[in-house]
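Heads up, the thing below is written out as structure tokens.
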Amino acid sequence: QKEVEQDPGPLSVPEGAIVSLNCTYSNSAFQYFMWYRQYSRKGPELLMYTYSSGNKEDGRFTAQVDKSSKYISLFIRDSQPSDSATYLCAMTPVHYTGANSKLTFGKGITLSVRP
Amino acid sequence: NAGVTQTPKFQVLKTGQSMTLQCAQDMNHNSMYWYRQDPGMGLRLIYYSASEGTTDKGEVPNGYNVSRLNKREFSLRLESAAPSQTSVYFCASAGQGVYGYTFGSGTRLTVV
């Protein structure tokens with residue numbers, strides 16, 4: 001079992017839909033959870049960051065962490081064609097940068113929002 | 001603009017040729033990373049440098065070497081390119097107090 005599993009997709013939704021993207025993980029030491037967005041032919045960019053369990057909201061985006069289930073989600077409300085991108089989850093045991101703080105990434109899911 | 005700069009953006013190599021991918025960051029970050037991204041495989045860590053003067057192997061280091069030239073620059077070298085090294089290569093950096101990594105825009109490498 002890989003440390004981080006992410007639904008492979010691709011996912012296609014109509015404009016205005018609510019999108020749910022999910023990752024599961026096996027390493028209970030993970031404490032810091034991130035979602036990256038990657039547009040075609042660009043580098044990934046940090047979208048959301050959460051620590052431990054709970055929810056975090058930023059505009060139309062909500063990141064949710066359930067450590068008891070080892071499950072994280074990213075919700076996109078009122079999805080727009082501009083949200084079409086690949087979304088990668090990432091996580092790490094420690095925040096401080098160093099040898100032990102390497103991020104473990106999911107493989108990413110490609111989302112297409114149809115006008 | 002502040003961030004991570006990668007050069008070149010595109011490169012075509014013949015099998016057996018060598019090349020160096022350059023990466024520089026201007027955010028005073030301590031840690032730097034090299035990833036490759038392939039369809040269906042996600043991001044795979046090749047090498048990383050936790051701080052200036054140190055480098056360590058990642059998940060897929062074979063066929064690559066790295067140099068942390070100074071705090072700003074981290075280069076990736078392919079000594080004898082193989083078609084299996086056709087990929088998109090990303091450099092990233094991270095610093096204390098900063099959440100997550102900042103990625104460059106990538107180098108698209110084709111080995112024929």
Side-chain angles (χ1 to χ4, degrees), chain A residues 2-10 21 23-25 27 30-52 56 58 61 63 65 72 74 85-110, chain B residues 1-7 9-10 21 23 25 27-61 68 71 88-108:
Chain A
K2 294 191 73 72
E3 274 194 300
V4 179
E5 301 273 8
Q6 185 171 5
D7 293 339
L21 307 175
C23 288
T24 59
Y25 63 94
N27 187 347
F30 288 142
Q31 298 277 358
Y32 298 86
F33 304 92
M34 283 149 259
W35 286 94
Y36 282 81
R37 179 175 60 194
Q38 184 178 19
Y39 290 116
S40 180
R41 297 183 173 266
K42 300 289 187 183
E45 57 178 346
L46 184 64
L47 182 63
M48 296 284 288
Y49 177 96
T50 53
Y51 169 68
S52 195
K56 184 175 183 178
D58 183 1
F61 298 88
V65 176
I72 70 170
L74 177 70
T86 297
Y87 291 81
L88 302 97
C89 62
M91 47 200 78
T92 180
V94 295
H95 165 57
Y96 180 73
T97 58
N100 294 324
S101 70
K102 297 191 302 294
L103 291 180
T104 300
F105 286 89
K107 290 186 177 181
I109 183 170
T110 298
Chain B
N1 291 338
V4 178
T5 302
Q6 291 184 238
T7 55
K9 293 190 182 304
F10 302 94
L21 281 65
C23 176
Q25 53 91 8
M27 297 170 286
N28 201 36
H29 286 172
N30 288 322
S31 301
M32 298 186 73
Y33 308 83
W34 276 106
Y35 285 89
R36 60 178 290 173
Q37 188 175 41
D38 303 287
M41 303 295 289
L43 287 165
R44 292 184 291 171
L45 183 64
I46 305 171
Y47 271 93
Y48 67 98
S49 172
S51 61
E52 186 179 356
T54 68
T55 61
D56 281 290
K57 295 178 180 179
E59 183 184 355
V60 289
R68 184 73 183 265
K71 191 171 186 179
V88 181
Y89 291 85
F90 288 102
C91 177
S93 69
Q96 188 174 0
V98 175
Y99 297 117
Y101 296 172
T102 301
F103 282 86
S105 57
T107 295
R108 293 185 170 272

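Just so we're on the same page: letters track the sequence lines, and every chain starts at 1. Just the heavy atoms: all of them, side chains too, but no hydrogens, waters or symmetry mates, feed the values below.
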What residues form a side-chain contact (heavy atoms from CB on, under 4.5 Å) with A:Thr104, not counting sequence neighbours?
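Counting only residues at least two positions away or on another chain, A:Thr104 forms a side-chain contact (heavy atoms from CB on, under 4.5 Å) with A:Glu3, A:Val4, A:Phe30.
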Let me confirm one number: the CG-NZ distance from B:Leu43 to A:Lys107, rounded to the nearest 0.5 Å.
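The CG atom of B:Leu43 sits 12.0 Å away from the NZ atom of A:Lys107.
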Can any side-chain N or O of B:Tyr101 pair as donor or acceptor with the backbone N or O of A:Leu103 at less than 3.5 Å?
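Pair found, side chain donor or acceptor close to backbone of A:Leu103.
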Shortest non-hydrogen contact between B:Phe90 and A:Lys42, atoms and distance
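Closest approach of B:Phe90 to A:Lys42, heavy atoms only: CZ-O, 3.6 Å.
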Atom NZ of B:Lys71 with >12 non-hydrogen neighbours under 6.0 angstrom:
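Correct, the count exceeds 12.
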Before giving the answer on side chain to side chain contact (heavy atoms under 4.5 Å, CB included), spell out for A:Phe105 and B:Gln37 the whole-Å C-alpha distance, their side-chain angles and the decisive distance to 0.1 Å.
CA-CA 11 Å; A:Phe105 286 89; B:Gln37 188 175 41; over 6 Å; no
Hey, could you give me each pair passing salt bridge (charged side-chain N to carboxylate O under 4.0 Å, His left out) that has a residue in residues 34-46 of chain B? Not counting sequence neighbours.
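Checked against salt bridge (charged side-chain N to carboxylate O under 4.0 Å, His left out) - neighbours excluded - the pairs reaching residues 34-46 of chain B are B:Arg36-B:Asp38, B:Asp38-B:Arg44.
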Could you tell me which portion of A:Gln6 (side chain, backbone, both or neither) has an atom closer than 4.5 angstrom to a non-hydrogen atom of chain B?
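Nothing of A:Gln6, per the 4.5 Å heavy-atom cut-off to chain B.
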At a heavy-atom separation under 4.5 Å, does B:Gln6 approach chain A through its side chain, its backbone, both, or neither?
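B:Gln6 has no heavy atom closer than 4.5 Å to chain A.
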